[in-house]
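To start, the structure itself, in structure tokens.
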Amino acid sequence: MPALDLDTHLDGTPLDADLAAERAHLDTSRAALRRMRERAEALFSTGDQVAGDAYAAETLGRTLARRVAELADDPTTPLFFGRLDFAGTPRAEETGDDSTSTSDHDGRRYHVGRRHVTDELGEPLVLDWRAPVSRSFYRASARDPQGVAVRRRFGFSNGVLTSFEDERLDRGEELGTTSRILTAEIERPRVGPMRDIVATIQPEQDELVRADLADSICVQGAPGTGKTAVGLHRAAYLLYLHRERLRRAGVLIVGPNRAFLSYIAAVLPALGEVEVEQATVEELIARVPVRAVEPPAVAALKHDARMASVLHRAAQAHIGTPTDSITVSDGSFRWRIGVEPLHRIVQETRREGLPYGTGRERVRARVVSLLQRQAEARRAESPSDAWLRRMGRCRPVLDFLDAVWPALTPEGLAHGLLSDPARLAAAADGLLTDDEQALLIWAKPARTPKATRWTAADTVLLDEAAGLLERPSGFGHVVVDEAQDLSPMQCRAIARRSEHGSITLLGDLAQGTAPWAATDWAQSLAHLGKPDAVVVPLTVGFRVPAAVVAFANLLLPALAVDVPPAESLRRDGGLAVRTVTDLTSATVAEVHAALAHDGSVGVIAADDAVDGLRAALAAAGVVTATADDVTAAERVTVVPATLVKGLEYDHVVVVEPAAIVAAEPRGLHRLYVVLTRAVSRLSVLHQEPLPAPLLAEPRDG
């Protein structure tokens, strides 16, 4: 079925009246949303007058402030993007007929948009895309209409409704990927932060977005398949469905770097979700300032899962065995606890497998309980709470605790392990070789943990140690993007924060660039504490043109990962691979040519070449932005290859692939990432020969 033009319906009926009616509905909906926001603002301004006390006023204020933020409207963004016309007759309550309808939605019409909008009487003008009935907008088809007679998609330009397309599903008419409006939205130029994809979610993506909160899923997504969008929209969907539960427990988005988090930061607020925490894994586990760098081999060893067992042994080695009784004086009374009951307390607590700090407090409580029993037997009454607290802090009890279960800090545990060869040898026996232990031991350890110059890899050890001592607070749901680059120890850090929640794991094994990058999702999921999570592949892309995908796929055989090659439904776009004599001048010329087209331009090069290219572009009158400045007005961004993961640009200029590959051990994986950042056109400029896997591709120019 061809797309509709702007003059007539397929049956020849003029479109003008329909288009005018839809524009009027848009105006009505925007006015209603404005009234909803004004009402929320009025309540916010007077909330302190109706609250019963200061705490209630603060709680109400936060709730109303959040509501005001959720109702913000962007006039350049469509308030609705689709419409569902259900077949059948209206519901009984609308007709006065008491007979049972085959569906609650028979004969109803719904506009589907980014948030729920109601009129003065509470009737829906726009349905939230996450509402149950909205599911049919994404999943209904000519084969399975789900009661939908007509699905309508709207075309917009800067918030102005310009066109629409109808699919008569009840007649077997379906546009699918030939939809002109759907294609235009997918291919719309990329400028600024990432946008939501609520208007273009595909059935297989919608199934993942609407997965149950209890389900943890792993999305193995090839470039351009929308895995990041799926994860963010799943977070928005879960917040819609389980708002109060997740508001208390929290939702966390973990990204690979700040540039990436800045790039995706606008997606959830655009959907009305303003209370989601975002962090890199480094920010998540930061306990101490990073002030030193160590050799890559040492860092890789500290990220190894075996270090968790080494730290656990080191912590347990601090637990001792009672060797003497304790006697506590209490005025005219003296209470005594013998060695045997003390030994029993320590052994029972140890078997319970509690966090180390919790175990210490459990031992203290049980010792005080034995003292309490003696006092009750002697005095025939229960001691006061003040007496119990005094017993727990008295010197004999504290001396006993320090002897058999001494207090520890994460920094103290790690410092003692890495500065004492004998202690490390005892904890690492059978886990690490002698050579590996020698790598870990500090040549000149600082005298105290506070004086230690910690490295980035040390922070994963400190977080593991902290998890051994106390349980960290967790989140109700965690979305982890670019997860293929998480080390086993980083996975464990996230697992501690999602122990009682679910996760959405997003990544592509072919894009793994870290020294410890995953080659098998099963291992990562085991370290994350979700071994039963299902792995779902997304291979069909809508963003990256087929020519670009095919070129990047030439690298896959050399990447040593078992992933299906990406496919693309995009037959537009362009690919140019050119040998040049002057990389800098060729880059400037290519950027000038790219600026003749709409959209963003990303210049990607090896990290050490970025400053020179930025200076050359500036000298040529081209103003550029940096990778983490996604809100800048400049269309051209010069990006180091190591920071480009997860970002997209309409036109990408890749400068000297050989230098990108040579810059790091997993350079071919990095190049695969770089080549798949283009969503319209890719230009590859090189002086040195292309990496061998790419030589089979015909070159332009």
Side-chain angles (χ1 to χ4, degrees), residues 3-4 6 9 15-37 70-86 105 107-140 146-169 175 179-186 188 195-203 205-206 209-210 229 232-233 236-237 240 266-273:
L4 290 178
L6 294 181
H9 284 292
L15 283 175
D16 290 346
D18 258 7
L19 196 59
E22 297 292 4
R23 286 171 172 166
H25 187 79
L26 177 61
D27 292 341
T28 300
S29 300
R30 287 207 182 279
L33 180 61
R34 185 167 57 252
R35 284 195 300 269
M36 292 167 65
R37 182 180 172 89
E70 290 170 350
L71 292 173
D73 185 20
D74 180 357
T76 66
T77 301
L79 194 56
F80 56 79
F81 48 80
R83 196 185 82 185
L84 291 173
D85 292 358
F86 281 85
H105 307 299
R108 297 296 300 266
R109 170 177 292 173
Y110 301 105
H111 286 76
V112 180
R114 286 166 171 78
R115 66 198 64 194
H116 199 64
V117 180
T118 60
D119 63 15
E120 293 282 14
L121 300 177
E123 286 297 309
L125 295 171
V126 180
L127 279 187
D128 195 298
W129 66 277
R130 297 165 289 187
V133 67
S134 300
R135 183 192 308 251
S136 296
F137 182 79
Y138 301 107
R139 299 199 191 180
Q146 301 182 13
V148 177
V150 180
R151 174 169 55 207
R152 174 170 288 184
R153 297 184 188 275
F154 296 101
F156 284 83
S157 176
N158 291 322
V160 177
L161 198 160
T162 58
S163 61
F164 61 83
E165 292 174 332
D166 284 346
E167 298 171 284
R168 294 302 304 255
L169 301 182
L175 288 171
S179 164
R180 193 170 62 192
I181 288 176
L182 184 65
T183 301
E185 174 62 21
I186 290 174
R188 188 153 55 100
R195 301 187 302 264
D196 65 72
I197 63 163
V198 287
T200 61
I201 292 173
Q202 299 301 296
Q205 295 173 326
D206 188 64
V209 166
R210 296 177 192 264
L232 295 174
H233 287 68
Y237 174 76
Y240 174 85
V267 173
L268 289 171
L271 301 175
E273 302 300 343

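Note that this is a predicted model, so its numbers are computed, not measured. If you read the sequence from its start, that first residue is 1, and numbering goes on from there.
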Which value, rounded to the nearest 0.5 Å, describes the distance between Phe164 atom CZ and Asp18 atom CG?
4.5 Å

Looking at Leu232 and Leu268, what are the two nearest heavy atoms and their distance?
O-CD2, 3.3 Å

Parallel, tilted or perpendicular: which describes the rings of Phe86 and His105, with under 30° parallel and over 60° perpendicular?
tilted

How close do Ser136 and Val148 get, heavy atom to heavy atom, and via which atoms?
CB-CG2, 3.9 Å

Taking Arg109 for its side chain and Arg83 for its backbone only, find out whether a donor-acceptor pair lies under 3.5 Å.
no

Could you tell me which residues satisfy side-chain hydrogen bond (donor to acceptor under 3.5 Å, both in side chains) with Arg151, sequence neighbours excluded, listed by chain and number?
Glu167

Who pairs with Ser157 by side chain to side chain contact (heavy atoms under 4.5 Å, CB included), at least two apart in sequence or on another chain?
Thr162

Can you name the salt bridge (charged side-chain N to carboxylate O under 4.0 Å, His left out) partners of Arg34, sequence neighbours left out?
none

Closest non-hydrogen atom pair between Pro124 and His116, with its separation:
CB-CE1, 3.9 Å

Could I get the full list of side-chain hydrogen bond (donor to acceptor under 3.5 Å, both in side chains) partners for His111, not counting sequence neighbours?
Glu22, His25

Residues that Thr118 engages under side-chain hydrogen bond (donor to acceptor under 3.5 Å, both in side chains), provided they are two or more places apart
none

Could you walk me through whether Tyr138 and Val198 satisfy the side-chain contact (heavy atoms from CB on, under 4.5 Å) test, starting with their C-alpha distance in whole Å, then the side-chain angles of each, then the deciding distance to 0.1 Å, before giving a yes or no?
CA-CA 9 Å; Tyr138 301 107; Val198 287; 4.0 Å; yes

For Trp129, is there any backbone N or O sitting under 3.5 Å from a side-chain donor or acceptor partner on Tyr237?
no

Minimal heavy-atom distance between Leu175 and Glu165, with the atoms involved, is CD1-OE1, 3.5 Å

Interatomic distance, CZ@Arg168 vs CG@Asp85, rounded to 0.5 Å, equals 8.0 Å

What closest approach, in Å, do Ser29 and Phe80 show between heavy atoms, and which atom pair accounts for it?
OG-CE2, 4.3 Å

Counterpart residues, salt bridge (charged side-chain N to carboxylate O under 4.0 Å, His left out), relative to Arg35 (two or more places apart):
Glu120

Residue set satisfying side chain to side chain contact (heavy atoms under 4.5 Å, CB included) with Arg30, at least two apart, ordered chain then number -> Leu26, Asp73, Leu79

Sequence-distant partners of Glu273, side-chain hydrogen bond (donor to acceptor under 3.5 Å, both in side chains), two or more places apart:
Arg130, Arg243

Can you name the salt bridge (charged side-chain N to carboxylate O under 4.0 Å, His left out) partners of Asp206, sequence neighbours left out?
Arg139, Arg210

Full working for ring pair (Phe, Tyr, Trp, His ring centres under 6.0 Å) between Phe81 and Phe137:
CA-CA 10 Å; Phe81 48 80; Phe137 182 79; 5.6 Å; yes

Can you tell me how far apart CG (Asp166) and CZ (Arg152) are? Round to the nearest 0.5 Å.
4.0 Å

Among all residues two or more places apart in sequence or in another chain, which pass the side chain to side chain contact (heavy atoms under 4.5 Å, CB included) test with Ala229?
Met194, Ile197, His233

Could you pull out all residues at least two apart from Thr28 that satisfy side chain to side chain contact (heavy atoms under 4.5 Å, CB included)?
Leu125

Nearest atoms (heavy-atom pairs only) where Ile181 meets Gly155
CD1-N, 3.5 Å

With sequence neighbours excluded, tell me which residues meet salt bridge (charged side-chain N to carboxylate O under 4.0 Å, His left out) with Arg115.
none

